[in-house]
Amino acid sequence: MTSVRESTPAVRVEPPTARPEVHRARILLEDGSTYEGVSFGRHASTSGEFVFCTGMMGYPETLTDPSYCGQVVVSTYPMVGNYGVPARDHADPIDGTLESDRIWVKGLVVADYSPWHSHWTSRGSLGEWLDDEGITGVTGIDTRALTKRLREHGSMLGKIVVDEADCDFDDPNIENLATRVSVREPVTYAPTGNTLARVALLDCGVKLNIIRSLTRRGVEVLRVPWDHPVDALGVDGLMISNGPGNPRFLRSAARVVRTAIDDDMPTFGVCMGNQLVALAIGASTFKLKYGHRGQNQPVREVGTRRCYVTSQNHGFAVAPGTLPNGWSPWFENLNDGTNEGLRHESGRFFSVQFHPEACPGPVDTAFLFDRFVEVLTR
């Protein structure tokens with residue numbers, strides 16, 4: 001049998017013979033600190049909230065994650081770009097690997113960008129992709145020093161000034177970002193194989209691998225806008241997606257979740273979904289100092305010694321001490337002790353702060369989708 005790898009022609013890009021034009025880039029944070037480098041991708045100034053990501057791989061998936069809307073991502077892994085980027089059809093909701101059909105970050109900061117890429121799925125360079133989508137990248141930055149500052153002072157507003165073309169600071173935390181990233185009209189995705197159940201997916205900025213994780217398990221997905229009522233849709237359950245920004249701007253979504261729980265509809269929330277479940281039941285959320293972003297966050301299931309490595313991308317968390325009777329913390333972060341999940345004593349409503357659909361991995365907690373399907377079909 002011919003493998004996919006053998007049947008797909010490898011693409012190798014040779015180093016350019018001419019030296020590319022250099023565009024100076026300066027990072028200016030709101031505390032006044034600056035960092036000097038050069039730009040790649042789009043050579044234009046931009047601004048947003050600076051955050052760091054500890055993932056060692058998976059930059060195509062990271063860049064297309066809607067939860068990064070309005071943010072400039074600093075990669076702690078030193079070299080980025082060496083395996084290029086896949087074809088754009090990888091944004092297919094069923095068969096693809098990308099998390100959406102576009103890049104959502106405002107900018108990308110790396111220590112060492114490699115314009116020369118080699119991988120059997122590569123169809124272009126990272127710099128070309130950023131340029132096509134109008135996104136600015138910066139390389140040659142001491143990302144260790146920059147990450148240390150963000151850890152000490154917390155996530156900060158900042159800007160990338162290219163060729164001295166200044167721009168204003170942009171604060172994504174003062175608006176409801178779900179209105180940018182959510183679908184405008186309902187969309188249905190058919191399952192792979194027999195249909196076992198039908199769920200409404202409240203799209204607050206969904207990563208497409210959530211849809212893939214459900215359809216591969218025989219679940220038909222009705223993806224609806226972030227504040228769309230679901231009680232009259234004739235579905236078996238509710239899935240609440242991840243998304244960017246402050247969950248307190250999504251009070252309408254929290255009311256949708258509250259109605260679903262009151263109607264005894266099986267409910268599963270991921271990331272922003274965890275925070276919306278908390279708000280729906282009367283609990284509180286708060287902004288983390290610098291958030292959790294990367295594919296290597298350890299969490300422990302409360303009451304056990306079971307530990308999982310998880311993918312995460314969020315800047316807010318649930319205050320577990322505010323949970324009402326019948327609800328309890330499910331998981332906790334082993335780095336800082338923050339809440340990583342909630343569950344109801346009935347077993348019909350639960351949520352996690354991390355990403356069990358993680359793409360690219362780890363897949364330690366993918367079994368949570370199986371648990372959700374069991375509740376749906378019980």
Side-chain angles (χ1 to χ4, degrees), residues 40-42 46 48-49 51-75 77 80-110 113 117 119 121-137 172 177-184 187 189 201 203-215 221 223 226 241-245 270-273 291-295 311-315 354-363:
F40 67 99
R42 185 185 72 151
T46 190
E49 181 183 32
V51 300
F52 64 87
C53 175
T54 59
M56 297 176 65
M57 59 178 294
Y59 56 81
E61 294 82 7
T62 294
L63 297 178
T64 53
D65 180 351
S67 292
Y68 279 116
C69 178
Q71 295 178 328
V72 177
V73 176
V74 179
S75 174
Y77 191 70
V80 175
N82 57 308
Y83 58 85
V85 295
R88 305 302 169 83
D89 61 6
H90 278 243
D92 183 274
I94 303 299
D95 299 318
T97 58
L98 298 180
E99 297 292 11
S100 68
D101 61 0
R102 56 163 288 184
I103 296 176
W104 284 104
V105 305
K106 293 290 293 293
L108 175 66
V109 181
V110 302
Y113 164 62
H117 55 94
H119 192 270
T121 65
S122 178
R123 294 298 178 269
S125 74
L126 172 60
E128 292 167 341
W129 189 29
L130 292 177
D131 189 28
D132 288 345
E133 302 239 350
I135 308 299
T136 302
L177 297 175
T179 60
R180 293 197 204 176
V181 299
S182 181
V183 290
R184 300 294 185 266
V187 183
Y189 302 91
L201 169 63
D203 179 11
C204 305
V206 65
K207 294 175 66 175
L208 292 180
N209 214 44
I210 290 178
I211 297 174
R212 299 177 191 122
S213 297
L214 290 169
T215 56
V221 178
R223 180 183 181 185
W226 67 275
S241 84
N242 61 291
V270 168
C271 197
M272 173 69 81
H292 304 148
R293 298 173 180 90
Q295 294 92 35
S311 174
Q312 301 193 17
N313 177 13
H314 59 97
F354 49 85
H355 289 277
E357 84 293 345
C359 181
V363 296

- Query: Can any side-chain N or O of Ser182 pair as donor or acceptor with the backbone N or O of Ala178 at less than 3.5 Å?
  - Reply: no
- By side-chain hydrogen bond (donor to acceptor under 3.5 Å, both in side chains), His355 pairs with (sequence neighbours left out) Glu357
- Item | Cys204 versus Pro244, closest heavy-atom pair with distance | O-CD, 3.4 Å
- Query: For the residue pair Asn209 and Cys359, what are the closest heavy atoms and their distance?
  - Reply: ND2-CB, 3.5 Å
- Message: Using side chain to side chain contact (heavy atoms under 4.5 Å, CB included), reason through Arg88 and Asp132 one step at a time and then give a plain yes or no.
- Response: CA-CA 12 Å; Arg88 305 302 169 83; Asp132 288 345; 3.2 Å; yes
- Query: With a 3.5 Å cut-off and no angle check, do the side chains of Ser125 and His117 form a donor-acceptor pair?
  - Reply: no
- Arg223: salt bridge (Lys or Arg N to Asp or Glu O under 4.0 Å) partners, not counting sequence neighbours: Asp203
- Item | Residue from Ile210, Asn313, Val181 passing side chain to side chain contact (heavy atoms under 4.5 Å, CB included) with Asn242 | Ile210
- Query: Ignoring hydrogens and geometry, is there a side-chain-to-backbone donor-acceptor pair from Glu133 to Ile103 under 3.5 Å?
  - Reply: yes
- Item | Arg293 CZ to Ser311 OG distance, which is reported to the nearest 0.5 Å | 12.0 Å
- Query: Which value, rounded to the nearest 0.5 Å, describes the distance between Leu214 atom CG and Leu201 atom CG?
  - Reply: 7.5 Å
- Message: With a 4.5 Å cut-off on side-chain heavy atoms, are Asp101 and Leu208 touching?
- Response: no
- Task: Salt-bridge test for Asp89 and Arg123: reply yes if a basic N is under 4.0 Å from a carboxylate O, no otherwise.
- Result: no
- Determine the minimum heavy-atom distance between Gly243 and Ser67, stating which atoms define it. N-OG, 3.4 Å
- Item | Residues forming a side-chain hydrogen bond (donor to acceptor under 3.5 Å, both in side chains) with Arg102, sequence neighbours excluded | none
- side chain to side chain contact (heavy atoms under 4.5 Å, CB included) evaluation trace for Tyr59 with Val73: CA-CA 10 Å; Tyr59 56 81; Val73 176; over 6 Å; no
- Query: With sequence neighbours excluded, what pairs up with Asn82 under the side-chain contact (heavy atoms from CB on, under 4.5 Å) test?
  - Reply: Met79, Ser114
- Message: I need the Phe354 CZ to Gln312 CD distance, nearest 0.5 Å.
- Response: 7.5 Å
- Message: Parallel, tilted or perpendicular, judged at 30° and 60°: which one describes the rings of Tyr113 and Phe40?
- Response: parallel
- Mind jotting down which residue pairs meet the side-chain hydrogen bond (donor to acceptor under 3.5 Å, both in side chains) criterion with at least one end in residues 91-100? Sequence neighbours excluded, please. His90-Thr97, Ser100-Trp104
- Task: Would you give the length of the straight line joining atom CZ of Arg42 to atom CG of Asp131, rounded to the nearest 0.5 angstrom?
- Result: 9.0 Å
- Separation of Ile211 CD1 from Tyr189 OH (nearest 0.5 Å): 4.5 Å
- Would you say the side chain of Pro66 lies within less than 4.5 Å of the side chain of Val206, judging by non-hydrogen atoms? no
- Query: Is a side-chain N or O of Arg212 found less than 3.5 angstrom from the main chain of Gly96, in a donor-acceptor match?
  - Reply: yes
- Query: With a 4.5 Å limit on heavy-atom distance, are the side chains of Ser75 and Phe52 in contact?
  - Reply: no
- Message: Check whether Ser241 reaches the backbone of Met272 with its side chain - one donor and one acceptor, N or O, closer than 3.5 Å.
- Response: no
- Message: Going by side-chain hydrogen bond (donor to acceptor under 3.5 Å, both in side chains), name the residues that satisfy it together with Lys106, two or more places apart in sequence or in a different chain.
- Response: Asp170
- Task: Nearest 0.5 Å please: distance from the NE2 atom of His314 over to the SG atom of Cys271.
- Result: 6.0 Å
- Message: If you compare all heavy atoms of Gly361 against all heavy atoms of Gln295, which two are closest, and at what distance to 0.1 Å?
- Response: O-CG, 3.6 Å
- Please test Tyr68 against Cys53 for side chain to side chain contact (heavy atoms under 4.5 Å, CB included), starting from the C-alpha separation and ending with a verdict. CA-CA 11 Å; Tyr68 279 116; Cys53 175; 3.7 Å; yes
- So which heavy atom on Val72 is nearest to which on Leu108, and how close? CG1-N, 4.4 Å
- Query: Should Tyr83 and Thr121 be marked as a side chain to side chain contact (heavy atoms under 4.5 Å, CB included) after you check the CA-CA gap, both sets of side-chain angles, and the distance that decides it?
  - Reply: CA-CA 8 Å; Tyr83 58 85; Thr121 65; over 6 Å; no
- Message: For Pro362 versus Ala358, what's the shortest heavy-atom pair and its separation?
- Response: O-CB, 3.2 Å
